[in-house]
Protein chains: 4
Amino acid sequence: MAKLTKRKLQAIKTKAIIYNTFLEMVQECEFEKLTVEKICKRANVSVGTFYHHYRNKYDIMEEIFHRADDFFQEKMLNNQIKGKTAIEKIIGFFDLLAQIYTRYGLGFSKALFNTRNNLFVNDKRIMVTMLRDILVQGVEDNQIVSDLTAEELKRILFTTARGIVFDWCLRDGDFSLEKAMHQYILLVVRAVAP
Amino acid sequence: MAKLTKRKLQAIKTKAIIYNTFLEMVQECEFEKLTVEKICKRANVSVGTFYHHYRNKYDIMEEIFHRADDFFQEKMLNNQIKGKTAIEKIIGFFDLLAQIYTRYGLGFSKALFNTRNNLFVNDKRIMVTMLRDILVQGVEDNQIVSDLTAEELKRILFTTARGIVFDWCLRDGDFSLEKAMHQYILLVVRAVAP
Amino acid sequence: MAKLTKRKLQAIKTKAIIYNTFLEMVQECEFEKLTVEKICKRANVSVGTFYHHYRNKYDIMEEIFHRADDFFQEKMLNNQIKGKTAIEKIIGFFDLLAQIYTRYGLGFSKALFNTRNNLFVNDKRIMVTMLRDILVQGVEDNQIVSDLTAEELKRILFTTARGIVFDWCLRDGDFSLEKAMHQYILLVVRAVAP
Amino acid sequence: MAKLTKRKLQAIKTKAIIYNTFLEMVQECEFEKLTVEKICKRANVSVGTFYHHYRNKYDIMEEIFHRADDFFQEKMLNNQIKGKTAIEKIIGFFDLLAQIYTRYGLGFSKALFNTRNNLFVNDKRIMVTMLRDILVQGVEDNQIVSDLTAEELKRILFTTARGIVFDWCLRDGDFSLEKAMHQYILLVVRAVAP
DNA sequence: AATGAATGAGACTTCATTCAT
DNA sequence: AATGAATGAAGTCTCATTCAT
């Protein structure tokens with residue numbers, strides 16, 4: 001089925017090298033100061049090759065973002081199977097989110113957290129729909145009792161989470177994102193759905 | 001007494017023109033895409049004049065930031081006189097913060113909210129010490145009863161506030177920052193200090 | 001064997017054009033007033049191309065310097081074969097030096113002779129070690145009899161030579177560098193090693 | 001006679017401040033990197049004032065040069081009175097020259113020793129005529145016996161001296177200019193006029 | 001005599017992107 | 001698929017100098 005000729009395999013390998021090099025470099029170097037040429041030099045590929053695989057450096061960012069989404073979804077789907085309450089699921093959701101940011105690193109998070117990043121404001125992202133599903137279900141099942149709608153809750157939670165990651169970036173990762181996330185989300189959940 | 005000669009006055013005026021032009025342009029144009037040349041063209045001054053008054057465009061951002069701080073402080077000092085509880089003061093504090101961001105505009109806020117902005121992480125800023133004072137006083141007076149220290153409360157509140165402003169930027173100001181801020185802060189305050 | 005594709009050859013040619021254009025222009029125009037843009041305009045290449053091949057204009061100077069060194073060495077090695085006395089070798093050495101400065105031109109020499117040029121103060125340069133070898137050998141063979149060490153002689157000779165070239169630059173090449181060099185060096189050699 | 005009003009005295013004082021500040025700064029900072037603005041900032045005068053007293057920074061250099069000439073002449077005239085041979089006078093001449101360069105400092109010397117400096121190539125300078133006079137007198141008195149003319153001797157001596165100062169600049173003053181000058185000039189004098 | 005605000009040409013350099021090979 | 005030479009627009013900043021006060 002998949003006709004992976006030698007050439008295609010090589011191409012996949014090359015693309016992976018560029019991807020990984022970028023991920024590595026974005027940790028050391030401010031995203032805006034990261035140039036295609038620098039990436040290529042480190043990755044030992046030509047700039048032409050870079051443009052063969054990606055449109056520009058934002059393109060890689062997007063790919064990382066999507067791969068993180070996929071990774072997130074996969075993890076969630078596996079965990080969801082276990083019988084948990086809505087509250088527990090919410091907590092678990094944001095714990096996982098914090099894990100992912102930690103895993104992808106501070107540099108990547110800094111690059112991501114800018115106000116022009118419209119990847120954040122996409123309500124169709126799997127991540128967003130997943131949390132909404134959890135909340136809607138929780139409200140239906142009376143596990144969540146609140147004056148606020150599921151939509152409002154979702155927004156408050158994401159806003160809080162982003163505030164924490166933003167703070168983590170500002171403070172150069174000088175605290176455990178996972179612990180802080182857990183603490184803050186717990187606090188918000190208790191406040192909105194006591 | 002005041003050695004404001006005609007020429008000195010003219011200089012102050014010129015600097016103000018640059019300042020205001022920048023403030024105006026940062027609303028229309030992404031900060032990173034705003035160049036010194038563009039600012040000068042609009043302000044009708046030479047680039048030399050720009051560099052006579054400011055070191056670079058970040059320098060103006062800083063000035064705006066500090067002026068906002070001063071403005072904030074002045075407003076707070078006036079309001080504080082009225083007898084209010086600590087809780088009311090906290091709410092008032094963030095209401096004012098939201099007002100300021102609204103007043104300085106979306107463009108300015110977007111320029112400000114980037115993860116490399118170390119102006120945020122300065123614990124000596126008047127704004128920060130003011131909130132801390134309110135919290136410490138509130139705890140002393142038993143108006144705030146919480147498991148968390150004043151320092152922890154301060155951090156949670158600022159993190160929340162930044163999350164909201166960040167969201168406001170992401171969504172291009174499509175909701176009232178002042179209302180959202182009031183609602184979220186109320187929620188957090190109730191959660192931490194019931 | 002030689003992986004000189006058509007494109008690689010073209011690149012070498014382009015670099016050579018820049019190099020030669022620089023050498024040409026440095027004769028006409030004071031080095032400090034020679035700008036990258038001017039060089040590019042004359043060479044009919046883009047500034048980008050310039051920076052692709054060289055780091056800056058000092059970089060070309062260095063290349064010229066090193067090429068001159070190589071040229072010098074090659075010439076010396078050929079001449080050395082002939083049986084000469086140490087004194088003759090010294091004279092020959094500085095005759096060749098004068099030839100090279102004459103060949104590279106007044107403009108180049110003027111650019112070179114500034115007090116910040118640390119290319120001069122590099123005792124590991126082939127040119128320097130060559131003269132030292134001649135002197136050491138001359139002392140060993142009793143062809144040079146002097147109160148001064150080989151090292152001291154070397155220094156005096158180079159200092160003298162530089163004084164002459166400096167003078168040649170100051171006087172805009174209004175005398176034969178080769179003749180003057182020959183005369184002065186002869187005089188010094190006789191003085192130190194009679 | 002001299003109507004030194006308060007205003008004129010102030011002007012002289014200001015000019016002196018600029019002069020001294022320049023002399024001070026040229027020791028620390030490469031001459032080419034020394035800007036009028038920097039000098040004025042350090043001297044606590046306005047740029048306007050600078051241009052009131054000097055045409056540009058080269059103008060100050062020239063003034064220093066001339067003052068050094070005057071200083072040199074004065075010193076020589078005093079010493080000449082003593083009965084000395086021509087040879088001793090030559091040695092004394094260059095000893096004094098070395099003293100002056102040492103006194104004015106490395107930075108000043110570095111600024112001076114560039115190939116575009118036409119102050120050097122001025123045969124009417126007092127310094128030049130003084131040495132010529134010594135040589136002519138020495139030849140007349142049969143104190144100097146040489147194949148070379150007084151003019152040729154003068155040139156060789158100055159060329160040598162400049163070579164030494166140039167070397168002193170290149171090596172960042174890492175040897176005693178006065179000692180080296182004495183040694184080299186002695187050597188040349190012996191060579192040309194045994 | 002002194003000030004210093006204002007000018008603007010011009011230098012340096014970077015960098016995304018193309019395209020022939 | 002991969003190369004890397006070439007492009008040139010665009011941005012930053014400097015600095016000598018002028019001139020009204």
Side-chain angles (χ1 to χ4, degrees), chain A residues 5-15 32-41 44-58, chain B residues 3 5-15 32-38 40 44-57, chain C residues 3 5-15 32-38 40 44-57, chain D residues 5-15 32-41 44-58:
Chain A
T5 61
K6 215 168 157 190
R7 220 178 178 193
K8 276 197 177 164
L9 269 169
Q10 179 55 42
I12 289 167
K13 213 168 144 189
T14 304
K15 189 166 182 177
E32 290 308 326
K33 288 184 183 155
L34 206 48
T35 69
V36 172
E37 201 165 290
K38 281 183 197 164
I39 298 164
C40 292
K41 193 159 277 172
N44 273 320
V45 296
S46 68
V47 281
T49 301
F50 179 94
Y51 282 100
H52 184 73
H53 291 291
Y54 293 102
R55 267 171 308 150
N56 47 46
K57 65 178 180 174
Y58 300 94
Chain B
K3 285 179 280 183
T5 60
K6 213 168 165 184
R7 299 197 70 214
K8 189 70 192 159
L9 271 168
Q10 178 55 43
I12 290 168
K13 211 168 144 189
T14 303
K15 189 166 183 176
E32 290 308 325
K33 289 187 182 153
L34 202 48
T35 71
V36 171
E37 202 142 28
K38 280 183 199 163
C40 292
N44 271 320
V45 296
S46 68
V47 275
T49 300
F50 180 93
Y51 284 100
H52 184 72
H53 292 290
Y54 292 102
R55 270 170 307 155
N56 47 45
K57 64 177 182 175
Chain C
K3 283 179 279 181
T5 61
K6 213 167 164 186
R7 299 198 70 213
K8 190 69 190 161
L9 271 169
Q10 177 54 43
I12 289 167
K13 212 167 144 191
T14 302
K15 190 166 183 177
E32 290 308 325
K33 287 185 183 153
L34 202 49
T35 69
V36 171
E37 202 142 30
K38 281 183 198 162
C40 292
N44 271 319
V45 297
S46 68
V47 276
T49 299
F50 179 93
Y51 283 101
H52 185 72
H53 292 289
Y54 292 103
R55 269 170 309 155
N56 47 46
K57 63 177 181 173
Chain D
T5 61
K6 215 167 153 189
R7 221 182 179 189
K8 276 198 178 166
L9 269 170
Q10 178 54 44
I12 288 167
K13 213 167 142 189
T14 304
K15 190 166 183 177
E32 290 309 324
K33 288 185 184 155
L34 206 47
T35 68
V36 172
E37 200 165 291
K38 280 184 198 163
I39 298 164
C40 292
K41 192 160 278 171
N44 272 321
V45 298
S46 68
V47 281
T49 300
F50 180 94
Y51 282 99
H52 184 74
H53 292 290
Y54 293 102
R55 268 171 307 150
N56 48 45
K57 64 178 181 175
Y58 301 94

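Residue numbers begin at 1 in each chain, while the letters A, B, ... track the order of the sequences. Here the structure is a predicted model, which is why all the values come from computation and not from measurement.
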For atom CZ of B:Phe50 and atom P of F:dT12, their distance in whole Å:
9 Å
Rounded to whole Å, NZ of B:Lys38 lies from C1' of F:dA9 at a distance of 13 Å
Does D:Lys57 use its side chain to pair, donor to acceptor, with the backbone of D:Thr35 at less than 3.5 Å?
no
With respect to the phosphate group of F:dA6, does any side-chain polar atom (N or O) of C:Thr14 fall under 4.0 Å of OP1 or OP2?
yes
Write down the distance between CD (B:Glu32) and C1' (F:dA10), rounded to a whole number of angstrom.
15 Å
Under 4.0 Å between a side-chain N/O of C:Lys8 and OP1 or OP2 of F:dA5, yes or no?
yes
By the 4.0 Å heavy-atom rule, please label A:Val47 as base, sugar-phosphate, or nothing.
base
Are any side-chain N or O atoms of A:Thr49 and backbone N or O atoms of A:Val45, one a donor and one an acceptor, separated by less than 3.5 Å?
no
Which nucleotide sits closest to the side chain of A:Thr35: F:dA2, E:dC15, F:dT12?
E:dC15
Hey, is the main chain of A:Lys33 close enough, under 3.5 Å, to the side chain of A:Lys38 for a donor-acceptor pair?
yes
Let me spell it out: for each of D:Asn44 and A:Asn56, pick the nucleotide of DNA chain E with the closest heavy atom. Which residue's pick is nearer the 5' end?
D:Asn44
I want to check one thing: is the phosphate of E:dA20, taken as OP1 and OP2, less than 4.0 Å away from some side-chain N or O of C:Lys6?
no
Without decimals, in angstroms, what is the distance between A:Lys41 NZ and F:dA5 P?
11 Å
Would you call B:Tyr54 and B:Lys15 a side-chain contact if the rule is heavy atoms closer than 4.5 Å?
yes
What is the separation between atom CG on B:Leu9 and atom P on F:dA20, rounded to the nearest whole Å?
19 Å
Go through E:dT13, F:dA6, E:dG4 for me and flag the one nearest to the B:Arg7 side chain.
E:dG4
In whole angstroms, the gap separating P of F:dT21 from NZ of B:Lys13 amounts to 13 Å
On DNA chain F, more 5' by nearest nucleotide between C:Glu37 and A:Glu37 is A:Glu37
Selected nucleotide, minimal atom distance to A:Ser46 side chain, candidates E:dA6, F:dA2, E:dT3:
F:dA2
D:Tyr51 side chain, from C-beta outward: closest of F:dT18, E:dT3, F:dC15
F:dT18
Short side-chain N/O contact to F:dA6 OP1/OP2 from C:His52, under 4.0 Å:
no
Residue met sooner reading DNA chain E from 5', once B:Lys15 and C:Arg55 are mapped to nucleotides:
B:Lys15
Now, which nucleotide makes the Watson-Crick or G-U wobble pair with F:dC15, with each of the two distances under 3.5 Å?
E:dG8
Partner nucleotide of F:dA1 by Watson-Crick or wobble geometry (both distances under 3.5 Å):
none
Short side-chain N/O contact to F:dT7 OP1/OP2 from C:Thr49, under 4.0 Å:
yes
Assess whether atom CD of A:Glu37 is packed by more than 12 heavy atoms of other residues, nucleotides or ligands within 6.0 Å.
no
